[in-house]
Amino acid sequence: MIEQLETDILILGAGGAGLFAALHAHQANAGLDITVAAKGLLGKSGCTRMVQGGYNVALHKGDSVERHFMDTIEGGKWLPHQQLAWTLVTKAVERVQELENEVGCFFDRNPDGSLHGKAFAGQTFDRTVHKGDLTGIEIINRLMEQVWARPIRRLEEYRALALIPDTSGKAVAGVLFLDVRRGTYSYVAAKAVLLATGGGPTMYRYHTPSGDKSMDGLAMALRFGLPLRDMEMVQFHPTGVLAGRHTRMTGTIIEEGLRGSGGYLLNNAKERFMFAYDKRGERATRDIVSRSMFSEMRAGRTTPEGGLYISMGHLGPENVRRQFKGMVERCADCGFDLAGGLVEVVPTAHYMMGGVVCEVDTSTEVEGLYVAGEDAGGVHGANRLGGNGVANSTVFGGIAGETMAAAIAKGLDRRAMDRSVLDAEIARAETPFQRKGGDLNRLRETLLDMMWDDVGIIREPVGLRRGLAALGDIESELLASGVADDDRAFNLTWSDWLNLRSQVEISKVITEAALKRENSRGAHFRSDFPEPGDLETSRFTVVRERDGRLDVSDAPVAFTIVKPGETLLKDQEAAE
Amino acid sequence: MTLRLYLLQRVTAALMVPLIAAHLAVIIYASHSGLSAAEILGRTRGSVGWAAFYGLFVLLVSVHGAIGVRSVAADWTPLRGRALGALMWVFGLLLFLLGARAVHAVIG
Amino acid sequence: MDDVITVSIWRGRSEGRYVTYEVPRLDSQTVLDVVTYVQRQVDPTLSYRFACRVGVCGSCAMTVNGRPRWTCRTHVSKVAADNRLEIGPLANLPVVKDLATDMTEFFEKWQRAKGVFSPTATRNDTVAQIRPDAAARVAVDKAIECINCGVCYAACDSVRWNPDYLGPAALNRAWTLVNDERDANNGERLAAVAANGGCHSCHTHQSCEQHCPQAINPTASIAGLKRRTIGAFLRGEMK
Amino acid sequence: MSSLAQNQHNAAYRGDLFWIAAMIHRISGLLLACFLPLHFLALGLAIEGEATFDGFLKWTQQPLVKLAETGLVFLLAVHLFGGIRVLVIENLAWRPGQKRMASLAVGTAAVIAAIFILRLL
Ligand SMILES: Cc1cc2nc3c(=O)[nH]c(=O)nc-3n(C[C@H](O)[C@H](O)[C@H](O)COP(=O)(O)OP(=O)(O)OC[C@H]3O[C@@H](n4cnc5c(N)ncnc54)[C@H](O)[C@@H]3O)c2cc1C
Ligand code: HEM
Ligand code: SF4
Ligand code: F3S
Ligand code: FES
């Protein structure tokens with residue numbers, strides 16, 4: 001027997017999207033029974049915490065939502081879903097005011113006391129609101145306090161395993177969980193379910209997101225039959241720490257500001273190489289720097305650990321120590337001297353632009369299922385602007401809360417679940433206990449390397465096909481690998497197995513989508529099609545699972561607000 | 001510890017600082033200048049000033065010490081709630097009575 | 001530098017024992033990496049918690065050689081005297097299993113200290129003008145970057161000896177709100193932190209400020225609350 | 001449950017200067033609380049028991065009493081400086097370095113007091 005629970009609104013994930021949804025649903029109707037379930041601790045898991053740079057919002061004098069919108073569309077290489085992007089930039093204004101005035105975030109100010117906006121690459125205005133370089137801590141701590149203060153049920157260290165359909169198969173009835181602490185299953189039935197598990201491309205050798213994220217949300221959506229869009233769009237951040245495979249620090253970010261303020265990227269000969277690729281040198285945009293670094297690495301000009309160096313010493317070690325205190329300390333913890341010496345760096349997988357296809361109100365094609373945050377696709381298109389990630393999760397998380405409350409007010413009710421799917425999903429999670437042997441660690445290493453080499457920053461068909469084949473092998477090997485059944489409580493090795501399963505499923509989707517897109521836009525680069533292609537006829541990829549097979553297609557981008565070549569900015573504004 | 005007890009304990013502590021400093025100074029001065037205890041007592045006997053000085057000290061230390069004992073007991077013994085209050089009062093009163101008696105004896 | 005670390009790790013729950021493992025010693029190795037190695041290569045049933053791995057989520061705190069620390073940012077060379085490590089769960093919290101503790105009570109106390117913002121404005125209002133050099137804002141900034149890791153809570157013997165005591169992190173948060181001119185609830189908050197188990201139960205051990213990985217000084221924040229509450233009491237604003 | 005007993009895990013933070021300073025303050029307070037009543041009692045008894053000061057004088061000459069009184073004075077000095085330190089931390093604005101100064105002050109003050117008193121009595 002598995003434990004059963006009933007709730008009105010079930011939220012998967014306790015990052016910016018999940019917590020905002022809970023708050024807004026509660027505000028809409030305090031009588032609702034709301035449950036937030038997270039794989040880690042409430043507010044302490046996920047990436048919203050990790051936000052350094054800040055939150056984009058057109059709140060400053062001289063800025064406009066139109067300008068923010070155009071930056072988002074152009075940054076996204078004309079692939080964003082324009083209505084979603086418009087909602088993002090317009091609602092962000094209200095959301096930041098809500099964060100400050102109602103939730104209690106205390107963002108940094110200008111000397112005169114007004115909200116400070118800082119510069120973030122790829123934007124035409126200094127609009128990024130922040131709290132030092134630990135903006136995420138401020139946002140999530142304040143949200144978490146507000147959720148704790150309300151009668152909202154918390155299921156912590158509750159890992160969602162599968163969305164369970166109703167008997168018609170068309171709506172979602174509830175969610176199957178693993179109660180990690182006890183190692184037992186439970187089923188939560190809900191009128192509305194929000195998927196907000198935060199994407200997070202952790203299947204690459206080098207990656208930034210928090211360790212609890214493993215693409216579970218997208219994998220669950222895929223298995224449920226939902227369409228995923230833009231999945232080839234995986235953003236890489238140019239400067240991840242490289243300190244060896246054995247340390248979890250590898251892959252974590254070294255601040256972008258280091259390059260911005262004049263840091264050098266060097267190859268093994270300690271020579272600057274960026275100017276060979278772009279006339280802006282180290283100050284080129286994220287995608288270009290990442291790609292150039294990858295090319296340099298492929299050419300074999302790498303450091304002992306296989307990466308490159310960042311060097312700051314020429315700016316004066318004392319200066320660097322003062323200006324980038326946090327980063328200097330973080331590097332020292334890995335044994336590097338950032339202020340005076342060389343730090344090994346490598347591009348690192350950072351963010352999933354792709355995700356579940358959804359409407360502006362966060363609804364999906366499945367009744368009762370909503371999606372928000374990094375799990376949702378379409379807002380960013382081919383590239384996410386720094387500062388649009390947390391805006392996305394808070395804006396649409398809030399909208400999801402309101403939408404779900406409204407749907408329930410209109411009569412959305414709980415549905416009877418399809419028991420056979422539940423049983424099948426439990427059997428799926430039980431698989432490793434029926435197997436013996438296998439080497440999960442080696443499998444993980446194989447997956448990380450394969451994705452990095454073949455489905456990473458520079459892609460070509462041979463590599464992508466090799467990748468697909470490798471993924472098939474990894475999957476069958478995983479299905480044959482076992483986990484000892486001694487103690488299921490807080491069993492991280494079982495979690496590792498489940499994580500790998502989700503990662504492999506979504507890696508296949510990324511690879512298929514990358515094969516499908518025969519041009520190079522934003523984060524996606526095909527060496528056989530290096531050009532962006534015709535913008536007016538831009539299409540986005542869609543992958544869904546049908547009868548156990550991936551169905552890959554594409555669809556035209558609807559230019560409902562602005563067409564390529566046009567702008568919403570008035571002439572004089574645009575000229576600035 | 002509650003706000004009132006905290007306040008009382010800190011106020012009594014602050015007030016005792018000059019008193020104890022003076023007391024220590026007297027002892028040190030006395031032994032330096034070779035005064036015997038008898039001579040000191042001879043001087044303090046009947047003195048209203050000294051009576052007030054030591055009387056005040058006894059009062060302060062009783063309050064301060066009793067609250068202190070309560071804090072320590074709260075942390076280091078299983079005593080809780082009213083038992084703690086009782087301990088504080090008993091200790092404080094005891095200290096005060098003994099102190100008052102000593103002052104009476106010394107000053108006369 | 002030897003090539004092996006001998007590490008004793010707590011296995012079990014409130015009852016349990018230390019079990020010794022050997023882990024290869026490497027450059028750039030954090031305590032979390034040592035724990036991960038044991039789980040991945042030696043004993044797959046070892047339980048621990050982490051998320052961000054860069055010192056922002058406060059999930060990975062453990063007791064390392066007798067001191068509470070964030071393990072993802074603790075370089076082994078900093079703590080492994082003679083290549084030995086003893087790693088236990090964070091003190092003063094119930095153990096879920098092995099190195100993972102249940103932080104519920106820590107966050108409940110955070111709420112009891114009224115560690116939650118009470119608004120005076122709405123999402124339709126503009127953001128308050130507050131100069132960054134205003135004294136109250138400076139006080140907030142000093143104490144705000146808490147990652148609720150529980151390290152201070154585990155280091156505080158007042159918490160250990162007095163289960164009612166709210167502890168340094170919760171009170172530190174209350175202090176930031178007391179200095180937040182946008183907050184509506186400071187009357188109640190001061191009453192909450194002056195109640196039994198509040199700021200007056202801090203006996204100034206200073207272990208909190210000595211161990212906070214974010215270099216926050218809860219001792220100073222709590223002292224601030226002591227002054228504020230006494231002030232309010234003397235002015236008759238509090239019973 | 002509260003008790004003096006440590007939990008089963010090592011608690012190395014208890015070797016820290018500040019923690020030790022806090023404990024010295026607490027223990028000295030506690031010992032004062034134990035011995036001060038005895039001091040008062042003895043003082044009262046000694047004087048009241050005799051019509052003159054003779055008895056008292058004789059009494060104060062006893063080595064045991066001398067030792068006990070010295071101990072009391074020492075505790076008082078230690079607790080006094082420790083108490084001032086706590087009052088300073090609680091009531092004055094926190095400046096970096098102040099804490100070290102404060103604790104150093106306690107340490108040296110206590111040592112000086114001890115030497116001074118031991119020499120005298
Ligand atoms: C290092 C770093 C720096 C960043 N900096 C910025 C920045 O400066 N500006 C910006 O705009 N964006 C930034 N981002 C991106 C931004 O953090 C994310 O896009 C955003 O926070 C995602 O929010 P979310 O709510 O969708 O997901 P998250 O905050 O990641 O939360 C996901 C939640 O889902 C839970 N979860 C996962 N799987 C399951 C499961 N199976 N069952 C139950 N729960 C599950 C997790 O435990 C977690 O609680 C950064 C990201 C990183 C990694
Ligand atoms: C100048 C004189 C004194 C000063 C400045 C002083 C100061 C203090 C202070 C500030 C505390 C609070 C410590 C804390 O809770 O963190 C304290 C506690 C205490 N004091 Fe004193 N004190 C003095 C004299 C005395 C005397 C004479 C006694 C003897 C009875 C005494 C007994 C105690 C006790 C038992 C405690 C409790 C210890 C604890 O809670 O840790 N004090 N003192
Ligand atoms: S105050 Fe410091 S030690 Fe305490 S919880 Fe916050 S960050 Fe951790
Ligand atoms: S360690 Fe504890 S006693 Fe006070 S100063 Fe810090 S909260
Ligand atoms: S894992 Fe997040 S603080 Fe260590």
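If you're wondering where the values come from, they're calculated on a predicted model, not measured in any experiment. Convention: sequence-line order gives letters A, B, ...; per-chain numbering from 1.
Put simply, the residue from H211(C), M62(C), Q214(C) that forms a side chain to side chain contact (heavy atoms under 4.5 Å, CB included) with W70(C) is Q214(C). For the side chain to side chain contact (heavy atoms under 4.5 Å, CB included) test with R69(C), the passing option among T63(C), V31(C), V79(C) is V79(C); the others fail.
Salt-bridge check for K39(A) with E156(A): failed, with every basic side-chain N at 4.0 Å or more from each acidic carboxylate O. The pair K131(A)-D141(C) meets the salt-bridge criterion, with a side-chain N (NZ, NE, NH1 or NH2) lying under 4.0 Å from an Asp/Glu carboxylate O.
Every residue was checked against the side-chain contact (heavy atoms from CB on, under 4.5 Å) condition with K436(A), not counting sequence neighbours, and none meets it.
Using a 4.5 Å cut-off between heavy atoms, Y48(C) touches chain A through backbone and side chain atoms alike. Within the 4.5 angstrom heavy-atom criterion, atoms from both the backbone and the side chain of Q39(C) approach chain A. Contacts between V54(C) and chain A at a heavy-atom distance below 4.5 Å involve backbone atoms as well as side-chain atoms. Looking at A128(C), the atoms closer than 4.5 Å to chain A (heavy atoms on both sides) sit in the backbone and in the side chain alike. Using a 4.5 Å cut-off between heavy atoms, L46(C) contacts chain A through its backbone alone, with no side-chain atom that close. Interface remark: F107(C) contributes backbone and side-chain atoms alike to the contact with chain A (heavy atom separation under 4.5 Å). For R40(C), the parts lying under 4.5 angstrom from a heavy atom of chain A are both the backbone and the side chain. If you measure heavy-atom distances from C72(C) to chain A, the contacts under 4.5 Å come from the backbone alone.
Looking only at side-chain heavy atoms (C-beta outward), L115(A) and L59(A) come within less than 4.5 Å of each other.
Of the listed residues H75(C), R53(C), R131(C), Q29(C), the one with more heavy-atom pairs under 4.5 angstrom with chain A than any other is R53(C). If you tally non-hydrogen atom pairs under 4.5 Å between each of R73(C), R123(C), M103(C) and chain A, the highest count goes to R123(C). Note on D212(A), D108(A), L134(A), N491(A): by heavy-atom pairs under 4.5 Å with chain C, the leading option is L134(A).
Aromatic pair H116(A)/H130(A): centroids less than 6.0 angstrom apart.
By the 6.0 Å contact criterion, NZ on K118(A) is enclosed, its count of non-hydrogen atoms from other residues, nucleotides or ligands being greater than 12.
Using bins of under 30°, 30° to 60° and over 60° for the plane-to-plane angle, the ring pair F106(C)/W110(C) lands in the tilted bin.
By a heavy-atom distance cut of under 4.5 Å, E94(A), Q97(A), E98(A), E100(A) are the residues of residues 92-100 of chain A near chain C, going up by number.
Cation-pi geometry between R11(C) and Y18(C) is not met: the NZ or CZ atom fails to fall both under 6.0 Å from the ring centre and inside 45° of the normal.
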